[in-house]
Each structure stands twice: as C-alpha cells, then as structure tokens.
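What's counted below: heavy atoms across the whole structure, side chains too, no hydrogens, waters or symmetry copies. Owing to the predicted nature of the structure, the values given are computational and were not obtained by experimental measurement.
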Amino acid sequence: MITLFRRIREKLIASGSLSKYLLYAMGEILLVMIGILLALQVNNWNEERKERIRESVLKEQLVEEFQRDMNQLRSKIKIRKQIISSSNTLLQYIIDPTGVSVDSIRYHLAVAGYRPTFDPISVEFIDKSDLLLIQNKELKRLLTAWKINVLQLNEDEQVWRNYVLDYRIPFFIENNVMNDISVEFRRNNSSSVFLIDGNMDTDKPEIPLVGDPGDFQGLIRDPFMEDFLSLAISVNTDNNDNSYALETRIQRILTLLKE
C-alpha cells in the first residue's frame, strides 16, 4: 500500500500538475486520519468491553457481600428485639415482683445487656475506583451513600455500648452480681451475638458460678434499673428503626445489582 502511494505521488510530480498533487495529498492525509480514528475507536471499544466485564464481576461480588450484610443486619435486629423484650419483662417485674424467680431476673438482665453492632463487609469492599465502573446512576448513588448510612447506625450503637460499659457493668460489680450475669450471658447467648456467620467458638472458657446468687430481687428495685431498662428499650428501638431503613436500602441495591 505504501509503495502504491509513493508511485502515485511520483507520477503526479512528474506530470507537473500542482492541483492534482495537492488534491492527492489531501486525500492521503484524510485516509491517515480515518485510519487513526478507526484505531482509536477500536481501542475504545476494547476498553469499554473490558470495563463492562469488570463491572459484571464487581456486581457479582457486591451481590454476595450485600446478601451477607443483609443476613447480619437481620441478626442484629433480632438481638435488639430480645433486648427490648427482656427490658420490658424486667420493668414488669419492678411493678409486680410477686412470684418472680432469681433465675428469670438473672436471665433477662443478661439479655438486656447485649451490645449488638452492625459491621458490614461491603463498607470496606467499595472504593471510588469501583464506583467509576457502575453505570446505573441510582445504584451508584446508593453505593456512594452506603458508608455514611452505616456510620449513622454505628454511632447510635456506640452510644448504647458505651452506656453498658460505663454504667451498667460498674453497677453490677458494685452490687456483687457481675459473675452471676456473666455466667448467665455465656449460657444463654445466641451465636449471632458474637460472629457474623453464626459459628460459635467452642473453646470459650466456662465461668464458674461462685457462692450464693446475688440479691437480684433487691437489685431490680434500685432506681438505676428503671432508667437503664427504659434507655435500653428507647435506644434499641431507635437502632432497629435505623436498621429497617438500611434493610430497605440493601434490598434496593441488590435489586439493581441483579438487573
């Protein structure tokens, strides 16, 4: 092809026709430009195809991660419902302690002290470079806001966690019932309290119950208990409301990812 073009140029130069030579030169330049544009277009097509493949792989991974997060979130919601239920039961015991057993008080006190936190894997999985691959605008918006949405819930969860650590536990230690509560907690907790996937640590140490049970009947009549239980109900109800909102977002994200 190059040899052919060179021969044509030589003939045009030899003919002495400047206009024909200029016309030919413009045509040759045009052909070169077309070739460059075609090469660029092919390259763009290849890059676009590669990006769509990466997007498809990313979506498959995100579906898996968000499904895990959904399972974990529902597990935390269930635990908070247990906290709320046990707190309500203990408040009823305060109102009417007739026939209430120490074992029942101890059990519900242990459950009311659960400190569930939602720790989604997807928050660390998503980065800005991944979001550039996502074409769906709604999906990109939801994924961009996801970390902030989770952070809002985590901050509220931390309020409850700090309260339990800073006030509830010292109160139990002061009233000499911390060992009783710890034993009850280990006996009756569900696997979801500890691990996302529900696999229990079979090597967890057993805490022996030493001495006589504490004065749980007197404990629940302490003014602190009413405040603690009321806060447990209020905070965990709010956290579950936030969790339901996150659950709806996850469902929408999964729908868009599968589309």
Side-chain angles (χ1 to χ4, degrees), residues 1-2 27-81 115-161 190-202 236 238-259:
M1 184 65 70
I2 296 175
E28 187 173 320
I29 293 171
L30 182 61
L31 286 174
V32 171
M33 291 178 62
I34 291 174
I36 293 173
L37 291 174
L38 285 174
L40 289 174
Q41 185 62 47
V42 169
N43 183 66
N44 289 338
W45 285 336
N46 286 332
E47 288 301 317
E48 178 69 17
R49 180 179 60 84
K50 291 176 183 178
E51 285 195 359
R52 297 290 67 79
I53 292 174
R54 290 198 294 270
E55 181 188 21
S56 178
V57 172
L58 173 64
K59 284 183 176 181
E60 290 177 1
Q61 293 172 330
L62 286 174
V63 167
E64 183 178 345
E65 300 302 337
F66 273 102
Q67 284 177 337
R68 289 181 181 177
D69 288 344
M70 177 74 85
N71 293 336
Q72 184 199 162
L73 182 63
R74 287 171 175 170
S75 173
K76 306 306 180 182
I77 290 172
K78 182 178 179 180
I79 294 170
R80 293 193 198 98
K81 286 181 178 180
R115 305 182 299 275
T117 56
F118 178 50
D119 304 301
I121 303 171
S122 55
V123 167
E124 301 300 328
F125 187 80
I126 302 170
D127 58 36
K128 291 182 179 179
S129 61
D130 292 331
L131 292 176
L132 293 175
L133 295 172
I134 302 297
Q135 291 185 301
N136 186 289
K137 292 182 179 180
E138 182 186 0
L139 177 59
K140 184 177 291 188
R141 177 180 60 81
L142 290 171
L143 292 176
T144 302
W146 176 244
K147 189 171 185 177
I148 298 175
N149 298 148
V150 172
L151 182 61
Q152 291 173 343
L153 174 60
N154 289 158
E155 288 176 349
D156 292 338
E157 290 174 331
Q158 196 61 39
V159 170
W160 173 243
R161 180 180 179 82
S190 63
S191 60
S192 55
V193 174
F194 295 104
L195 298 176
I196 294 173
D197 294 329
N199 297 318
M200 286 299 296
D201 179 8
T202 56
N236 285 283
D238 289 344
N239 288 347
N240 264 0
D241 288 342
N242 290 333
S243 296
Y244 293 137
L246 288 184
E247 183 180 19
T248 300
R249 287 187 177 91
I250 292 178
Q251 289 172 336
R252 182 56 182 162
I253 287 171
L254 286 172
T255 298
L256 293 172
L257 286 171
K258 293 175 181 178
E259 288 177 353

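Closest approach of Thr117 to Gln72, counting heavy atoms only: O-OE1, 3.7 Å. The shortest heavy-atom contact between Tyr244 and Lys81 is OH-CE, 3.2 Å. Contact detail for Asn136 and Leu139: the closest heavy-atom pair is OD1-N, 2.9 Å.
Between Leu257 and the choices Lys59, Gln67, Arg252, the side chain to side chain contact (heavy atoms under 4.5 Å, CB included) rule is met once, by Lys59.
A donor-acceptor contact under 3.5 angstrom links the side chains of Ser243 and Arg80, judged on distance only.
No donor-acceptor pair closer than 3.5 Å links the side chain of Glu247 to the backbone N or O of Leu73. Looking at Asn154, its side chain does come within 3.5 Å of a backbone N or O of Phe118 through a donor-acceptor pair.
Atom-to-atom distance recorded for Thr255:OG1 and Phe66:CZ is 12.0 Å, nearest 0.5 angstrom. The CG atom of Asp241 sits 11.0 Å away from atom CG of Asn236, with the distance rounded to the nearest 0.5 Å. Note that CG of Leu133 and NZ of Lys140 are 8.5 Å apart. Values are rounded to the nearest 0.5 Å. Rounded to the nearest 0.5 Å, atoms CG (Asn149) and NZ (Lys147) are 12.5 Å apart. A distance of 11.5 Å separates CG of Leu62 from CG of Leu256, quoted to the nearest 0.5 Å. Interatomic distance, CG of Asn239 versus CD1 of Ile79, reported as 12.5 Å (0.5 Å rounding).
Under the 4.0 Å criterion applied to side-chain N and carboxylate O atoms, Lys76 and Glu157 are not assigned as salt-bridge partners.
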Exercise. For the pair Asp238 and Asp156, evaluate side-chain contact (heavy atoms from CB on, under 4.5 Å) and give the outcome as yes or no after the intermediate values.
Key: CA-CA 8 Å; Asp238 289 344; Asp156 292 338; 5.9 Å; no
Practice problem: Start with the C-alpha distance between Glu64 and Arg68, add both sets of side-chain angles, then the distance that settles salt bridge (Lys or Arg N to Asp or Glu O under 4.0 Å), and finish with yes or no. | Solution: CA-CA 6 Å; Glu64 183 178 345; Arg68 289 181 181 177; 3.0 Å; yes
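The shortest side-chain heavy-atom distance between Val63 and Leu254 falls under the 4.5 Å cut-off. At least one side-chain heavy atom of Leu246 sits under 4.5 Å from a side-chain heavy atom of Trp146. Residues Arg161 and Gln158 meet the side-chain proximity criterion, which asks for heavy atoms closer than 4.5 Å.
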